Peer 1: 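Sharing a structure with you now.
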There are 2 protein chains.
Amino acid sequence: MQKATAEKSDPIAAQLAPVGRETVQDRVYSELRRALIGGLFEPSQILTIRGLADALMTSTMPVREALGRLITEKALEALPNRSVRVPPITLDRMDDLLRARILIEGEAIALAATRMNSRQIATIEGMLGEWDEMRALKHKKDVDREVTLNQTFHFEIYRACGSAVLIPMIESLWLQSGPCIRVAIYAFSEAGEVDTAHYHRTIVKAIATQDAKEARDALVADISRPFTFLRSKLEAEAKKGLSA
Amino acid sequence: MQKATAEKSDPIAAQLAPVGRETVQDRVYSELRRALIGGLFEPSQILTIRGLADALMTSTMPVREALGRLITEKALEALPNRSVRVPPITLDRMDDLLRARILIEGEAIALAATRMNSRQIATIEGMLGEWDEMRALKHKKDVDREVTLNQTFHFEIYRACGSAVLIPMIESLWLQSGPCIRVAIYAFSEAGEVDTAHYHRTIVKAIATQDAKEARDALVADISRPFTFLRSKLEAEAKKGLSA
DNA sequence: TCAATGCAAGTGTGATCACAAATCAAATAA
DNA sequence: TTATTTGATTTGTGATCACACTTGCATTGA
């Protein structure tokens, strides 16, 4: 018995989970994704293959392939010089991203609202408590946890929409808007924003009652907020720079 | 003067277009894309790096990176065995793809309908003539030209929507539905379908009058047709296979 | 005859090297 | 001092190699 496929007749193999051989390239890719969505890289920052390979303690090979993948999903940008950077923020691009996210994530949540079972609803309902918890002990700006929790919440919903086509597109959109969002969340945090979870509560309520329209509306409000906030901030800076 | 950047002061350089150094990887990627959208690969077909490298007369390096990129945009599929294949067709996946295409391409054409100038409209209007031409001399099934013309027509419109976010997503969707479409077009051709350009005329008319809603409706009808056709065909086969 | 074993060919992954292009800095000339 | 040039370093790209895993086929055993 050296076959890799688990057979029902084998009582031992039945309890063993497949080990799943993750390649180095996959780890590099995941790591860069995480950094991008979390906004750890600044817009317009240039990334080099050898630099990342050193930082990730691997050779250049897995890095260059991971970069290539991120470039095709527009999470990174290939300059004509053949160097790669994280795309800069422009107002047009922000509007473009927001419109696409409203369109696609709105559709996904509308689908999910009619398909989530009580167990899944309980999961996202439980997450609301974590926001309360974070707000209670707001001694330090825990931006990282905020970002992660927000991501988990949204994708728990999107995953329930049951579309293997829409979900990767949403991931791509988050990858592209990650650097912007981070800036916005920092700005929120400085501006003393308090109730970041308000729309999330509305979303949970709407999904619990299978109200697709209200879920979509609340989602649109939720994802629009950081964009409009950042937009007004950028416009103010542009005006100031113009007058100076 | 050995600087590569064109300077305004140089009257010769001003007339020269940048030559654009395309890498081997880019050519491989484009070639595989073309093959995929055109449906040259069959669903479930397994692709090997060395096999493609031989066929494209290059080393394995550019091929493996191109394959990696195509896998991330779901144009190809990575099996747990680490071999890669073109994704098989299932009814669920077809419905999923069609819904996403209606959502996103519908939005793109609605945007384009309000933004295309008379020059762009004249371009797509001119393409209608090519369909008439093809229908006139229908001595052989020129599926390749049909596919190419259809693609050019649609993307001429999508390009005018002005969204740098939506267009790559539409390209990804075409990449994913390419293998299905080819099968459907062959089936159309066998079934003696005549007026493949009917909805295209409606689309041009709607755009010329800036009627976004009618343009969207006609587009939905246009892209739904091959899917519903293929769906009924697959269902018939499934039923036949079941009774046999 | 059929299933299990063992060997050989094929395949993906990662590392390393060679080369060309780009970038940066110091040196030189106006 | 400023602009240009020259040279050294850095960087991306492609080729090749080594290794591990998978697959397929022939051999061996019952």
Side-chain angles (χ1 to χ4, degrees), chain A residues 1-10 13 16 18-32 41 44-72 75-87, chain B residues 1-10 13 16 18-32 41 44-72 75-87:
Chain A
M1 164 69 73
Q2 291 198 6
K3 296 174 70 176
T5 58
E7 301 189 1
K8 297 189 183 69
S9 58
D10 190 330
L16 255 37
V19 63
R21 298 173 307 115
E22 198 184 25
T23 65
V24 178
Q25 180 192 153
D26 290 333
R27 274 199 296 279
V28 172
Y29 176 70
S30 302
E31 192 61 21
L32 292 180
F41 296 133
S44 300
Q45 179 179 351
I46 287 193
L47 303 178
T48 64
I49 294 179
R50 286 176 172 88
L52 291 173
D54 289 347
L56 296 166
M57 301 216 301
T58 176
S59 78
T60 62
M61 186 61 57
V63 175
R64 57 198 276 191
E65 303 198 336
L67 286 186
R69 292 168 66 179
L70 289 168
I71 290 171
T72 67
L76 294 176
E77 197 178 29
L79 274 56
N81 327 341
R82 300 200 171 170
S83 59
V84 2
R85 69 171 177 188
V86 13
Chain B
M1 164 69 72
Q2 291 198 7
K3 297 175 67 178
T5 57
E7 302 188 1
K8 297 191 183 67
S9 58
D10 192 331
L16 255 38
V19 63
R21 297 175 307 112
E22 198 182 25
T23 65
V24 178
Q25 181 193 152
D26 289 334
R27 274 199 296 278
V28 171
Y29 176 70
S30 302
E31 192 60 22
L32 293 180
F41 295 134
S44 300
Q45 180 178 350
I46 287 193
L47 304 178
T48 65
I49 293 179
R50 286 175 173 88
L52 291 173
D54 289 346
L56 296 166
M57 300 217 298
T58 176
S59 78
T60 62
M61 185 62 56
V63 175
R64 58 197 274 191
E65 303 198 336
L67 286 186
R69 291 168 67 178
L70 290 168
I71 289 171
T72 67
L76 295 176
E77 196 178 29
L79 274 57
N81 325 340
R82 302 202 169 168
S83 59
V84 4
R85 70 171 178 189
V86 12

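Keep in mind that this is a model prediction, so the values were computed, not measured. Quick note: numbers below take in every heavy atom, side chains included, and nothing from hydrogens, waters or symmetry partners.
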Peer 1: Under 4.0 Å, counting only non-hydrogen atoms across every strand here, what does A:Leu47 touch: a base, just sugar-phosphate, or nothing?
Peer 2: sugar-phosphate
Peer 1: Please check the phosphate of D:dA15 (OP1 and OP2 only) for any side-chain N or O of B:Thr58 closer than 4.0 Å.
Peer 2: yes
Peer 1: Rounded to whole angstrom units, what separation is found between the CD1 atom of A:Ile46 and the P atom of C:dA22?
Peer 2: 14 Å
Peer 1: From C-beta outward on B:Pro62, which listed nucleotide comes closest to its side chain: D:dG12, C:dA15, D:dG14?
Peer 2: D:dG14
Peer 1: In whole Å, I'd like the distance from the CD atom of A:Gln25 to the P atom of C:dA15.
Peer 2: 11 Å
Peer 1: Taking side chain to side chain contact (heavy atoms under 4.5 Å, CB included) as the criterion, tell me which of A:Val24, A:Thr48, A:Ile49, A:Leu47 meets it with A:Val63.
Peer 2: A:Ile49
Peer 1: Going by modelled atom types, is there a donor-acceptor pair between the base of D:dG12 and the side chain of A:Arg50 at under 3.5 Å?
Peer 2: yes
Peer 1: Per the atom types in the model, does the base of C:dG14 pair as donor or acceptor with the side chain of B:Arg64 at under 3.5 Å?
Peer 2: yes
Peer 1: Under 4.0 Å between any heavy atoms, over every strand shown, what does A:Glu65 touch: base, sugar-phosphate, or nothing? Just pick one.
Peer 2: nothing
Peer 1: So B:Arg27 and B:Glu22, do their side chains get closer than 4.5 Å, heavy atoms only?
Peer 2: yes
Peer 1: In whole angstroms, how far is the C1' atom of C:dT11 from the CZ atom of B:Arg85?
Peer 2: 17 Å
Peer 1: To the nearest Å, give me how far apart CG (B:Asp54) and C1' (D:dA15) are.
Peer 2: 14 Å
Peer 1: Calculate the interatomic distance between B:Leu52 atom CG and C:dG10 atom P; express it in whole Å.
Peer 2: 17 Å
Peer 1: Are any of the side-chain heavy atoms of B:Gln25 and B:Met61 separated by less than 4.5 Å?
Peer 2: no
Peer 1: Grab the CG-C1' distance between A:Leu67 and D:dT13 for me, whole Å please.
Peer 2: 13 Å
Peer 1: Report yes if the side chains of B:Leu56 and B:Glu31 come closer than 4.5 Å at any heavy-atom pair, otherwise no.
Peer 2: yes
Peer 1: Side chain of B:Thr48, heavy atoms from C-beta onward: which of C:dG12, D:dA15, D:dT16 has the nearest atom to it?
Peer 2: C:dG12
Peer 1: Side chains of A:Leu52 and A:Leu67: does their closest heavy-atom pair fall under 4.5 Å?
Peer 2: yes
Peer 1: Can you measure A:Leu79 atom CG to D:dT13 atom P for me and round it to whole angstrom units?
Peer 2: 12 Å
Peer 1: DNA chain C: A:Pro80 or B:Val84, which has the more 5' nearest nucleotide?
Peer 2: B:Val84
Peer 1: If I take atom CD1 in residue A:Ile49 and atom C1' in nucleotide C:dA22, what distance separates them, rounded to the nearest angstrom?
Peer 2: 14 Å
Peer 1: From the set C:dA15, C:dT13, D:dG12, return the single nucleotide nearest to any side-chain atom of B:Met61.
Peer 2: C:dA15
Peer 1: Would you please confirm or rule out a distance under 4.0 Å between OP1 or OP2 of D:dT23 and any side-chain N or O of B:Asn81?
Peer 2: yes
